[in-house]
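Encoded as C-alpha cells, the structure appears first; notes follow it.
Both ligands and their constituent atoms are indexed starting at 1 by order of listing. No experiment lies behind these values; they were computed from the predicted model shown.
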Amino acid sequence: MADDVLQMPLQFLKGVGPRKAADLKKAGLHTVEDLLFRFPRRYEDRSRLQTIISLKPGQTAAVSGVVLSAGLAHTRRPGFRLFSALIQDDSGQVQAVWPNQAFLKDVIRSHQRIVLFGKVEIWGSRGLQITDPEFEIIKDETDGIRDPGSGNREPETLHTGRIVPVYERTGSVTPNMQRRFVWQALEQLPPQPFDPVPDEILKQERWPSRREALWQAHFPDPDTPIDALNAFATPAQRRLIFEDFFVFQSGLALRRHENAQVRKRLVCTVDDRIRQSARAVLPFKLTAGQRDALAEIVADLQKPWPMQRLLQGDVGAGKTIVALLAAVVAMDNGYQVAVMAPTEILAEQHYRTIVKVLDGRPYRTALLSGRVTAATRRALLPAIERGEINLVVGTHALVQEQVKFKSLALAVIDEQHRFGVVQRGTLAAKGLHPDVLVMTATPIPRTLALTECGDMEVSVIRGLPPGRKPIKTIVKADSRRDEVYALMRAEIEQGRQVYVIYPLVDESEKIDLKAATAMAEEIALVFPQYRVALLHGRMKGDEKERVMHAFLQGDLQILVSTTVVEVGVDVANATVMVVEHAERFGLSQLHQLRGRIGRGAHASTCVLLYQAPWSDDARARLKAMTDTSDGFVIAERDLQLRGPGDFFGTRQSGLPTLRAGDLTRDVDLLERAYEEARARIDRGTLTAAQQAYVRSVWQRQFGLITVG
Ligand code: ADP
Ligand code: MG
C-alpha cells in the first residue's frame, strides 16, 4: 500500500508551518507525494559557477556572492528607474542591474548571499554588469528557516554548485524554501517506496525506480544534460510523467470495468420491425460515419451493462439524427428516452427537430424546459412517471430534479464543452442505469478525450453530410466594416440572412449587453429597409422564442446575437456570419459559431472582425480559422494555444488535474499509459496493492469519483 511518508500532510516537513501548509494546499499540494510530483519549472546548471573576475562581456553566466550594497539608482530618463546591486565573491565585484523593477528594493538587500544568472555586458566606464539577471537569495537573515533542524543533513550545495531545480513560487513559499522541503522529503523516502508502475514496464523502458526517479527529477546528477531536463525528457522525468498518467488512466479503466459489471434493467433488442421503424423516420441517407456510429450505439443498447459512450463529430456532422435513431430503437422496445441540452434554446431546437422527424409516428414526446407553465408541468410529470410519454426533451435539470421515469432506457446528453460527468453521476446515484450517450458540440483533442472521458467508449463521425458548400472565412480590421456591410447587403438582396455575433463574456455583464444593444441599433440604422433584431441570454424566454422563430421563418434579415446562438440555431438560409470582436473569442467557440452557417445550398461567408490591439494568441486563433475548417484540426490547435487547463473555459469542479504530465508535451506517454492501464484492468493483472493505490489517489485527488 501507499507509503506513509509520501502520504503525510506537508506540515510534517520541518519548516512548513500552518501558513505555508495553507499556501501549498491552495496550489493543490496536500501531501509529501504531491510536493514531489510538482516538478521544477526549470533547471539551472549552477555547477559551474564562474568567478566574477573571469566574467566576459557577451556570455551568460552564473555567479554567487554577497550583496555589498543595493538600491535604486538615479537615471536621467524621467520615469525610468534602475535597481542595482553590487555583488562580491572571492575574486572581485560586479554590478547587477534590473531596469524598472523598483520593488526589488524590498527583496534584495545588503549582506544577503545571492546567485545571479544572466547576461554579462559592458557598461561604459563602469566596466562589466549583469543585466536583468535571474536571481536567487540563498541566505537571508529574515528567512527564519535557515536551520530547518538537527536531523537535516542539507548540503552546502543545495542551491548552488549543482544542477539546481527552480520551482514556481507558491504563495509565501519561495523557490528556495521549496528546494529545502523537497530535499527533506526525498531524504525521508524509504529505500524502496511502493511503486504503482508495473515492473515489466520499468524493465522494458529501462526506467529508474520510483525513489531514484524522484531524486533525479529534483536533484539531477551532475552529468545529466540540462537541455533534456528542461525538456522534461530524462528517463527519470518521463517515468514519473508516465506514472502520473498511468495512475489516472487506471482509475478511469477501473471505472469503465466496474461499469461493465453493472446490469441494467432495460436491455433493448433489435429485430426487423425495429429496423424498419428506424428506416421510416430517416429523412436522408446516412453518411458512412453516421452509420458506423449508429451501429456502435445500437450494439451498446443490446448489451447487458449500461452504455457510456461519447459521440464526437464536427459541427454539422449530423449527430442529432444518429442519437434520434438510437432513441427510436429504445422507444420501439417500449422504453423511455430523455434528451438533455445545456441551454433552453437548444432544448427547444432539439424538440422541434425531433417533432418534425417523428411526425406521423406513434411516439409521444414532450418538452420539459424551465419555461413550460406550471400547469403543463403538473400534467407532464405524472405522465412521464406512468410511462405515457416516450421521449422527454429538456435541459440538464431533467435528471437533477425530481422527474421520475417509469422506464428510462436511454439518456442523450448534448453538451457544449463539458461532459456529463456530473450528470452521469446523478443518474447512477438515483439507481438508474440507463444507457448514456454524450454528444459533444465540437471535437475534443484526442489527448483530452483520453483524460476526460477515458472511462467512456468513443464514436467519431468524420466528415460532413454531402452537398455542403465550404465556408469562406475572412479576417478584417474593424475599420473596414463598410466592406462588411456591403457584403451583407449583397447577400440579403439575394434573399439570404445574416448573423452578427457579439461577444458577451458573461450574460449578466451589463456593459457588454449595452454594447450589443448599441450594435443592433447601429445596424438597424445602416439597414433601414431590412428587419433587424437582437437576441441575448437575458431576454425572457418567449421573447427569445419569438425572435428565433422570426429568424427561422425568414421574417428577419439580420439577427444580432450574443453567443446564445452558438449551439442552438439551424437556419439553412443564413449565409453570412459577422463576428464582432473576434479577437475575444476562443478558437473552438469561433469554430462552433461558424458552424451555424454553411448549412444550406448557398455558399456562405464568415467575417471575423477584430479590433486592435490584438494579442499574438488572438492573431494565431484567427489565422487558424482561415487555415482550416476541420473541427478536429481546430481542436488540436486550440489545445496548443490555450493549454489543457483552459480548453474547456472555466474549470469546473470535479475536473481532474494532472501533476507531472502535460497533455501537449507528453502525448506519447499518455497514449502508452492509456493502453497499458486498460489492458491491465481488462486482464485483471494490476496487483491488489496497485489497485488500492489507484483508488486512494483518485479518492484524494478527484473526490467525487467512486471507484468501486
Ligand atoms: P451536429 O452534429 O452539429 O449536431 P446536426 O445534427 O444539427 O449536426 O446536423 C446538421 C444538419 O445536417 C441538420 O440540418 C441535419 O438535418 C443535416 N444532416 C444530418 N445528417 C445528414 C445526412 N446524412 N444527409 C443530409 N443532411 C444531413
Ligand atoms: Mg448538434
Do any nitrogen or oxygen atoms of [X] lie less than 3.5 angstrom from nitrogen or oxygen atoms of ligand 1?
X: G318; value: yes
X: I321; value: no
X: K319; value: yes

For R364 and E388, what are the C-alpha separation, side-chain angles and deciding distance, and is it a side-chain contact (heavy atoms from CB on, under 4.5 Å)?
CA-CA 7 Å; R364 292 193 57 191; E388 291 160 14; 4.0 Å; yes
What are the atoms of ligand 1, with element, lying closer than 4.0 Å to any heavy atom of [X]?
X: K285; result: 22 (C), 23 (N), 24 (N)
X: V315; result: 3 (O)
X: T287; result: 23 (N)
X: T320; result: 4 (O), 5 (P), 6 (O), 7 (O)

Look at the aromatic rings of Y610 and W614 and report parallel, tilted or perpendicular, splitting at 30° and 60°.
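Y610 vs W614 ring planes: parallel.
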Report the relative orientation of the aromatic rings in F551 and Y499; use parallel for angles under 30°, tilted for 30 to 60°, perpendicular for over 60°.
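Rings of F551 and Y499: tilted, as their planes differ by 30° to 60°.
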Of the backbone atoms (N, CA, C, O) and the side-chain heavy atoms from C-beta on, which set of D314 has a member under 4.0 Å from an atom of ligand 1: side chain, backbone, both, or neither?
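Answer for D314: backbone.
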Just by distance, with hydrogens left out, do T664 and Q640 show a side-chain donor and acceptor under 3.5 Å apart?
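Judged by distance alone, the side chains do not pair up.
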What residues, two or more places apart in sequence or in another chain, satisfy side-chain contact (heavy atoms from CB on, under 4.5 Å) together with D271?
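If we apply the side-chain contact (heavy atoms from CB on, under 4.5 Å) test to D271, skipping adjacent residues, the hits are R273, I274.
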Using every non-hydrogen atom in the two residues, find where V532 and A524 come nearest and quote the distance to one decimal.
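Nearest pair, atom of V532 first, then A524: CG2-CA, 3.9 Å.
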Does even one non-hydrogen atom of A317 get within less than 4.0 Å of ligand 1?
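Contact present.
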Contact with ligand 1 for I461, non-hydrogen, under 4.0 angstrom
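Under 4.0 Å: no for I461.
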Charged N-O contact under 4.0 Å between E385 and K406:
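K406 and E385: not salt-bridged.
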